[in-house]
Number of protein chains: 2
Amino acid sequence: MLTTATPILLRKNEAANAGSLQGQAQHRNSEQRAQLSSSQQIADALALVSDCLVPQRLMVRAGDVICQAGQRFDCLYLMNSGFVKIISLSCDGREQVVGLKFRGDWLGFDGIANQRYSCDAIAIDTGEVWAIRYDALLEASLRRPVLLNLLHQAMSREIANDRDSLMSVCTLPADARVADFLRYWADSLAKRGLRTDQIKLRMTRAEIGNYLGMTLETVSRALSRLAKAGLIEFAEGGRRDILIPEVDALRTFIQGGMTPAPALLQ
Amino acid sequence: MLTTATPILLRKNEAANAGSLQGQAQHRNSEQRAQLSSSQQIADALALVSDCLVPQRLMVRAGDVICQAGQRFDCLYLMNSGFVKIISLSCDGREQVVGLKFRGDWLGFDGIANQRYSCDAIAIDTGEVWAIRYDALLEASLRRPVLLNLLHQAMSREIANDRDSLMSVCTLPADARVADFLRYWADSLAKRGLRTDQIKLRMTRAEIGNYLGMTLETVSRALSRLAKAGLIEFAEGGRRDILIPEVDALRTFIQGGMTPAPALLQ
DNA sequence: CGACCTTTTGATAGTAGTCAAATGAAGTGG
DNA sequence: CCACTTCATTTGACTACTATCAAAAGGTCG
């Protein structure tokens with residue numbers, strides 16, 4: 001399967017059409033099937049870890065601190081259910097939501113390098129998180145290479161994800177950034193086989209704004225504008241539940257930055 | 001060394017003083033010694049990889065493409081020297097510098113998850129990069145756990161680094177963001193035992209601005225203001241070389257956001 | 001030298017931040 | 001059960017930071 005081609009360096013201006021499109025297009029064929037399979041992959045990964053490692057199962061409620069910056073690194077955590085926010089604290093006191101985690105995601109990779117966690121991981125909903133001793137995981141990985149693969153893929157995904165966040169913050173105006181946040185949340189649910197037409201935000205406007213690099217007022221206004229444009233609707237219950245009639249409309253809005261698909265009223 | 005404490009979950013509002021300070025303070029003791037040791041660690045890591053794996057050594061010049069988004073993932077790359085920028089391309093064409101890499105850093109982690117790289121890595125100066133087949137690395141890691149550790153630490157550092165970038169972009173105003181960029185560059189050089197009083201920017205204002213989420217004009221103005229405040233100086237040669245009289249002054253500026261230490265002229 | 005790119009700086013516009021007030025939601029205790 | 005406190009959210013008015021547009025100066029390389 002792996003070609004044995006030696007790495008070939010592309011000199012400046014030779015990079016023209018070397019396959020950069022193949023990788024991007026693979027997702028869009030059968031959305032349903034892709035979701036099912038990624039949901040299944042997550043389930044398989046959890047089952048594998050559960051079998052090989054007997055992780056300690058922790059029930060968490062909103063607000064619980066799963067691991068804390070500065071704390072000694074012993075365990076990685078694998079989410080079986082629930083939602084978690086990752087918070088980074090700079091030495092001069094700035095606080096920043098730097099990530100959101102869902103079922104199948106791992107927590108605590110940042111602790112490997114310095115033997116201390118560098119972020120807080122805080123549950124924003126009830127759920128179950130599995131604690132896995134890193135040394136035990138390493139040991140098991142030597143016997144079961146598939147485990148090691150799992151671990152590396154999770155770390156790789158996290159790196160790619162963080163870059164997407166940075167791109168979003170750096171390139172999109174406020175409204176599109178909020179739209180992209182909702183899209184990301186909906187996609188994350190979809191990958192895990194959950195409903196995406198209605199999503200319950202587990203974060204305050206202030207937390208969302210912090211994550212997206214804007215103020216809570218700007219988040220509120222952006223949501224109001226998205227609602228006025230028909231891209232989202234607020235559930236009758238409260239403004240914390242958001243309906244997304246069609247995620248693709250959000251996507252085109254993020255890309256275009258323009259008014260919704262057909263220039264609606266106003 | 002490792003305590004065998006089972007993970008203890010902190011319930012909401014119980015997290016008060018659970019060691020979150022210990023981790024932050026460890027860096028500041030003897031700066032010289034820390035730099036030497038981290039420089040030595042990098043050298044050791046390179047030597048270890050070189051011994052275990054016989055990597056293919058690639059000479060690169062500014063502009064060379066080391067790996068490209070969409071390309072099949074075979075190799076990780078370890079930088080022996082030079083400087084590299086990482087560029088992410090969104091499906092709708094936005095282009096974003098999402099990282100900078102120095103000696104001892106690895107490239108290509110983002111490719112593990114999907115078997116394709118998701119970013120371009122482009123040299124911005126001459127240097128030497130080692131290509132290491134991922135399958136060979138995995139195999140060697142099973143025999144030499146210290147190699148596996150090296151790999152995991154590198155990935156962990158990258159994750160922590162990306163979060164710092166996000167925090168900087170989200171929480172700092174433009175001038176401080178540029179200052180933080182210079183500080184980061186200087187720190188990166190210092191960790192590798194290189195001179196930090198004068199640094200040669202290998203990126204245009206446009207690239208820096210893209211990386212920091214601002215326009216090239218804003219970068220230029222920020223640099224001018226930093227120079228006027230005495231926090232940096234331009235080398236007589238050209239405005240591409242920047243002198244940093246004292247990095248700590250930059251640090252306090254980033255934290256305070258205020259005018260330089262003593263309220264100077266103007 | 002001349003074409004081209006990068007950088008600087010100014011003038012102006014626009015987006016997002018700040019301040020403030022009002023409404024809404026949720027929980028506490030009388 | 002309702003009054004009362006508290007926190008989250010919305011919206012408006014105004015400010016300020018950064019983007020945009022434009023022109024000129026500085027560098028680089030054939």
Side-chain angles (χ1 to χ4, degrees), chain A residues 12-13 61-63 85 94 97 124 168-182 200-229 232-242 253 257-259 266, chain B residues 12-13 61-63 94 96-97 124-125 168-182 200-229 232-242 257-259 266:
Chain A
K12 190 172 182 177
N13 300 331
R61 295 190 312 262
K85 63 178 175 184
R94 286 169 287 143
V97 179
I124 55 178
S168 177
V169 170
C170 283
T171 65
L172 295 178
D175 286 11
R177 224 140 81 213
V178 172
D180 194 49
F181 168 78
L182 297 173
K200 182 186 198 64
L201 296 181
R202 272 115 181 140
M203 305 163 73
T204 65
R205 304 289 190 256
E207 284 174 311
I208 296 171
N210 179 286
Y211 182 44
L212 300 178
M214 63 185 74
T215 61
L216 66 94
E217 293 95 331
T218 300
V219 175
S220 179
R221 283 186 240 271
L223 288 171
S224 297
R225 280 190 289 261
L226 291 175
K228 197 181 305 183
I232 65 171
E233 294 167 27
F234 292 108
E236 64 296 334
R239 311 149 317 285
R240 207 73 170 256
D241 296 318
I242 287 180
F253 170 76
M258 70 316 216
T259 54
Q266 226 293 23
Chain B
K12 190 175 182 175
N13 300 331
R61 295 192 309 263
R94 285 170 286 142
Q96 174 69 36
V97 178
I124 55 178
D125 197 3
S168 177
V169 170
C170 283
T171 64
L172 295 179
D175 286 11
R177 225 142 79 214
V178 172
D180 194 49
F181 167 77
L182 297 173
K200 181 186 199 65
L201 296 181
R202 272 112 181 143
M203 305 164 72
T204 65
R205 304 289 190 257
E207 284 175 310
I208 297 172
N210 178 285
Y211 181 44
L212 300 178
M214 64 185 72
T215 60
L216 65 95
E217 293 95 330
T218 300
V219 175
S220 178
R221 283 187 238 270
L223 287 171
S224 297
R225 280 188 289 260
L226 290 175
K228 198 180 305 184
I232 65 172
E233 294 166 28
F234 293 108
E236 65 296 335
R239 309 149 319 284
R240 209 75 170 256
D241 295 319
I242 288 179
M258 70 318 220
T259 54
Q266 221 300 13

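All chains are named by letter (A, B, ...) in the order of the sequence lines, taking the proteins before the strands, and each is independently numbered beginning at 1.
For the OP1/OP2 pair of dG24(C) and a distance below 4.0 Å, the side-chain nitrogens and oxygens of Arg239(A) include no atom meeting the criterion. Between Thr218(A) and dG17(C), a side-chain N or O to OP1/OP2 separation shorter than 4.0 Å is present.
Judged purely by atom type and a 3.5 angstrom limit, Arg177(B) uses its side chain to pair as donor or acceptor with the backbone of Leu212(B).
Residues Thr171(A) and Gln96(B) share a closest heavy-atom pair of CG2-OE1, 3.2 Å. Here the closest heavy-atom approach between residue Cys170(A) and residue Tyr211(B) is recorded as SG-O, 3.9 Å.
Between Asn210(A) atom CG and dT9(D) atom C1' the separation is 17 Å, expressed in whole Å. Protein atom CD of Glu236(A) is 15 Å distant from nucleotide atom C1' of dA25(C), rounded to whole Å. Atom pair Leu212(A):CG and dA16(C):P shows a separation of 12 Å (rounding to whole Å applied). As rounded to whole Å, 15 Å separates atom C1' of dA16(C) from atom CG of Leu172(A). The CG-C1' distance, from Leu201(B) to dG27(D), rounds to 16 Å in whole Å. Whole-Å rounding puts the Phe234(B) CZ to dT8(C) C1' distance at 10 Å. Distance CD (Glu217(B)) to C1' (dT6(C)): 12 Å, rounded to an integer number of Å. Rounding to whole angstrom units, CE of residue Met203(B) and P of dT6(C) are separated by 13 Å.
By the 4.5 Å heavy-atom criterion applied to side chains, Ile242(A) and Leu223(A) are counted as neighbours. Looking only at side-chain heavy atoms (C-beta outward), Val97(B) and Ile208(B) stay at 4.5 Å or farther from each other.
When heavy atoms are screened at a 4.0 angstrom cut-off, Thr204(A) is found touching the sugar-phosphate backbone but no base atom. Within 4.0 Å of Arg240(B), counting heavy atoms only, lie sugar-phosphate atoms of the nucleic acid but no base atom. Nucleic acid contact class of Leu216(A) (heavy atoms, under 4.0 Å, all strands): base.
When the nucleotides dT18(D), dT10(D), dA16(C) are ranked by their closest atom to the side chain of Pro173(B), dT18(D) comes out on top. Side-chain proximity of Thr215(A) to the nucleotides dA16(C), dT18(D), dG17(C) is greatest for dG17(C). Of all nucleotides listed (dT20(D), dT11(D), dA19(D)), dT11(D) comes nearest to the side chain of Arg221(A). The side chain of Ser224(A) sits closest to dT11(D) out of dT9(D), dT11(D), dT9(C).
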